[in-house]
Number of protein chains: 2
Amino acid sequence: MSSAASILIAALSAKTKLPDEDQDALASFPIEELEIRRGQDIIREGDRPTRSMILLSGLTCSYKTLPNGNRQITAFQVPGDVPDIQSLHLDVQDNSILSMSDCRVGFMRHRDIHELCFSRPPIAMGFWRATLVDTAIYREWTTNVGQRPAVARMAHLFCEVLTRLMHLGLTKDYSCALPVTQVDLADALGLSVVHVNRTLMELRKSGSLRFERGELTALNWPLLARQGQFDPSYLHLQMDDHAPYKLV
Amino acid sequence: MSSAASILIAALSAKTKLPDEDQDALASFPIEELEIRRGQDIIREGDRPTRSMILLSGLTCSYKTLPNGNRQITAFQVPGDVPDIQSLHLDVQDNSILSMSDCRVGFMRHRDIHELCFSRPPIAMGFWRATLVDTAIYREWTTNVGQRPAVARMAHLFCEVLTRLMHLGLTKDYSCALPVTQVDLADALGLSVVHVNRTLMELRKSGSLRFERGELTALNWPLLARQGQFDPSYLHLQMDDHAPYKLV
DNA sequence: CGAATACTTGATTACCTTCAATACGCGTGG
DNA sequence: CCACGCGTATTGAAGGTAATCAAGTATTCG
């Protein structure tokens with residue numbers, strides 16, 4: 001089985017293990033794999049895609065651009081995420097997807113996904129569930145940007161990314177790759193670059209984290225979580241790991 | 001057919017008309033209807049619901065509460081919306097639903113929805129599509145709160161609500177019921193009440209709207225849309241109304 | 001090694017918050 | 001009927017967080 005297929009299966013099995021026959025169907029599901037370099041718009045606002053992508057490795061973000069040129073990053077994607085699954089149902093793309101690092105992505109034709117979902121309800125439910133988790137994350141982002149002051153806001157974002165990557169086995173000692181610039185952080189947090197810089201310094205000074213050259217380390221996780229008022233329940237991660245899934 | 005059923009059918013038919021047999025299945029779908037008074041928490045963060053609700057009439061909002069007591073309203077719901085459909089897939093509720101007016105709501109058992117979705121893929125796809133539209137709205141909210149100054153932010157919110165209600169035929173001459181206090185607006189926009197008050201006055205003075213006693217009127221829609229940088233495409237409304245749907 | 005990109009720092013400004021006080025509307029009960 | 005309480009709206013003043021403007025330093029990379 002291709003690694004793309006196993007990542008897809010894992011992503012759709014989050015809650016309950018898929019029946020074997022559905023896993024088999026996914027194992028032979030046509031996915032076109034592609035390497036994408038850092039800094040590429042994989043999908044653009046206004047597009048009318050005929051395929052959806054699944055992130056296989058690396059980091060991407062989705063963002064919206066305002067008339068005045070401002071940019072809001074609305075989410076980060078980690079391996080297993082299907083950031084533009086919406087295009088399966090909604091004709092024109094309302095946001096763009098950008099690679100923050102060199103990435104491996106898989107493309108799945110809408111026609112194929114449609115067929116699969118109609119013939120295999122558990123798979124449709126799996127996709128649907130995944131989008132509902134995304135929605136929960138969006139709610140938290142709105143809350144984060146709307147209610148928390150800069151320090152807490154940034155700490156919260158770091159906690160989220162670290163937790164999601166940890167769940168995938170992509171961290172080591174509370175440390176993970178986070179190839180984003182301070183400009184990116186500013187656009188994700190709704191702050192200016194200058195203020196992001198000062199906020200970062202404050203967090204560093206507090207001893208809760210290290211962040212340099214695209215590497216994030218939580219030096220004091222409890223402190224960082226407190227600073228960000230971080231409660232991971234909105235991520236709806238399954239801790240009972242019936243099928244412990246580590247990405248290759 | 002009950003009015004609840006027809007609202008549900010309309011909500012799931014947004015993109016493509018459902019096959020007759022699926023409509024029939026929905027027509028006889030068990031929905032328990034309930035009247036709910038203004039200011040009630042219909043669902044609470046932390047709940048583990050066994051049913052999902054569909055709003056039949058009135059206005060509700062979903063919100064999250066922070067440890068310090070702050071509240072962020074993350075969305076408003078209009079008739080036809082199913083704000084806690086996520087509970088079908090995610091065990092514990094990560095947000096609360098509050099009635100902003102007297103409401104009529106319908107409750108659908110998860111078990112029934114599950115069964116329906118497994119036996120009738122087009123219905124599952126309809127539900128799924130609806131959640132993807134919600135997600136698109138969340139993205140826009142994050143952007144709104146993260147990037148736009150107070151005046152634009154508020155104007156944008158008003159445009160969204162007015163547009164959604166207009167699409168349901170619940171407006172008259174650019175005017176609609178919007179039974180929210182300035183405190184509610186503050187919590188939705190991530191602003192203080194005082195500043196909401198001043199921002200409102202500014203909008204009023206500009207002549208773009210009237211807002212009093214829970215009634216919103218766009219006196220100058222083009223101006224209001226400009227003030228809010230409002231582009232309705234993220235709402236993914238179908239304008240081609242194959243089945244023009246007005247709620248009773 | 002030079003240009004571009006990313007980061008850092010200082011000074012000034014402004015948007016928005018907080019605190020405080022007043023006014024208004026409405027339902028309840030004396 | 002009026003007093004009272006409570007939620008809502010309004011206004012003034014002061015303060016703070018974060019934006020903007022500006023300049024300089026590191027880093028990366030071709």
Side-chain angles (χ1 to χ4, degrees), chain A residues 37-40 61 66 68-73 98-102 144-157 177-206 209-216 227-228, chain B residues 37-40 61 66 68-73 98-102 144-157 177-205 209-216 227:
Chain A
R37 276 202 318 276
R38 182 196 137 102
Q40 303 293 309
C61 75
L66 285 87
N68 62 13
N70 276 17
R71 179 179 73 145
Q72 174 71 43
I73 292 180
L98 170 69
S99 58
M100 309 296 287
S101 68
D102 293 350
N144 197 34
V145 173
Q147 299 297 331
R148 286 192 261 262
V151 172
R153 205 184 295 181
M154 184 177 290
H156 190 281
L157 174 61
L178 185 60
V180 302
T181 66
Q182 296 189 4
V183 174
D184 297 327
L185 286 177
D187 290 346
L189 297 170
L191 297 170
S192 69
V193 196
V194 172
H195 202 62
V196 159
N197 184 281
R198 295 191 168 121
T199 306
L200 249 180
M201 313 257 287
E202 200 173 331
L203 283 172
R204 288 198 260 245
K205 203 169 54 186
S206 80
L209 60 77
R210 196 168 49 206
F211 178 67
E212 44 187 21
R213 267 169 258 116
E215 173 124 349
L216 169 68
Q227 288 170 324
Chain B
R37 276 202 319 277
R38 184 196 135 102
Q40 304 294 308
C61 74
L66 284 86
N68 62 12
N70 276 16
R71 179 178 73 143
Q72 174 71 41
I73 293 181
L98 171 69
S99 59
M100 309 296 288
S101 68
D102 293 350
N144 198 33
V145 173
Q147 298 297 329
R148 284 191 261 262
V151 172
R153 206 184 294 182
M154 184 178 291
H156 191 280
L157 173 61
L178 185 60
V180 302
T181 67
Q182 295 188 5
V183 175
D184 297 328
L185 286 177
D187 289 345
L189 297 170
L191 297 170
S192 69
V193 196
V194 173
H195 202 62
V196 159
N197 185 281
R198 294 189 169 125
T199 305
L200 248 180
M201 312 257 286
E202 200 173 331
L203 283 172
R204 286 199 260 248
K205 204 169 55 186
L209 60 77
R210 197 168 48 208
F211 178 68
E212 42 187 23
R213 269 170 260 117
E215 171 123 352
L216 170 68
Q227 287 169 325

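Note that this is a predicted model, so its numbers are computed, not measured.
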Which listed nucleotide ([options]) is nearest to the side chain of [X]?
| X | options | value |
| --- | --- | --- |
| Arg198(A) | dG12(D), dT8(D), dT20(D) | dT20(D) |
| Val194(A) | dA18(D), dA6(C), dC21(D) | dC21(D) |
| Thr181(B) | dA6(C), dT11(D), dA9(D) | dA9(D) |
| Ser192(B) | dG10(C), dA18(D), dT17(C) | dT17(C) |
| Gln182(B) | dA9(D), dT11(D), dC21(D) | dA9(D) |

Spacing of [X] atom [atom1] relative to [N] atom [atom2], expressed in whole Å:
| X | N | atom1 | atom2 | answer |
| --- | --- | --- | --- | --- |
| His195(B) | dT18(C) | NE2 | C1' | 13 Å |
| Leu191(A) | dT8(C) | CG | P | 15 Å |
| Leu189(B) | dT17(C) | CG | C1' | 15 Å |
| Leu200(B) | dT11(D) | CG | P | 12 Å |
| Asn68(A) | dT20(D) | CG | C1' | 15 Å |
| Leu185(B) | dC16(C) | CG | P | 15 Å |
| Phe211(B) | dT8(D) | CZ | P | 12 Å |
| Gln147(A) | dT17(D) | CD | C1' | 15 Å |

Does some side-chain heavy atom of Arg71(B) sit less than 4.5 Å from a side-chain heavy atom of Asp184(B)?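 Sidechains of Arg71(B) and Asp184(B): in contact.
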
Determine whether Arg148(B) and Leu66(A) make a side-chain contact, defined as any pair of heavy atoms from C-beta on separated by less than 4.5 Å. yes

Quick one: does Arg153(B)'s side chain have a donor or acceptor within less than 3.5 Å of a partner on Leu189(B)'s backbone? yes

Any [X] side-chain N or O less than 4.0 Å from OP1/OP2 of [N]:
| X | N | value |
| --- | --- | --- |
| Asn197(A) | dC7(C) | no |
| Arg204(B) | dA9(D) | no |
| Arg148(B) | dC16(C) | no |

Report yes or no: is there a donor-acceptor pair, N or O only, under 3.5 Å between the side chain of Arg213(B) and the base of dG25(C)?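 It does not, because no donor-acceptor pair links the side chain of Arg213(B) to the base of dG25(C) below 3.5 Å.
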
For Gly190(A), answer base if it contacts any base atom (sugar-phosphate contacts may also be present), sugar-phosphate if it contacts only those atoms, and nothing otherwise; contact means non-hydrogen atoms under 4.0 Å. sugar-phosphate

Pick base, sugar-phosphate or nothing for Gly39(A), based on heavy-atom distances below 4.0 Å to the nucleic acid.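 No contact.
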
Output, in order, the C-alpha distance, side-chain angles, deciding distance and verdict of side chain to side chain contact (heavy atoms under 4.5 Å, CB included) for Asn68(A) and Gln147(B). CA-CA 10 Å; Asn68(A) 62 13; Gln147(B) 298 297 329; over 6 Å; no

Can you measure from CG (Leu209(A)) to CG (Leu200(A)) and round to the nearest 0.5 angstrom?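 Those atoms lie 7.0 Å apart.
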
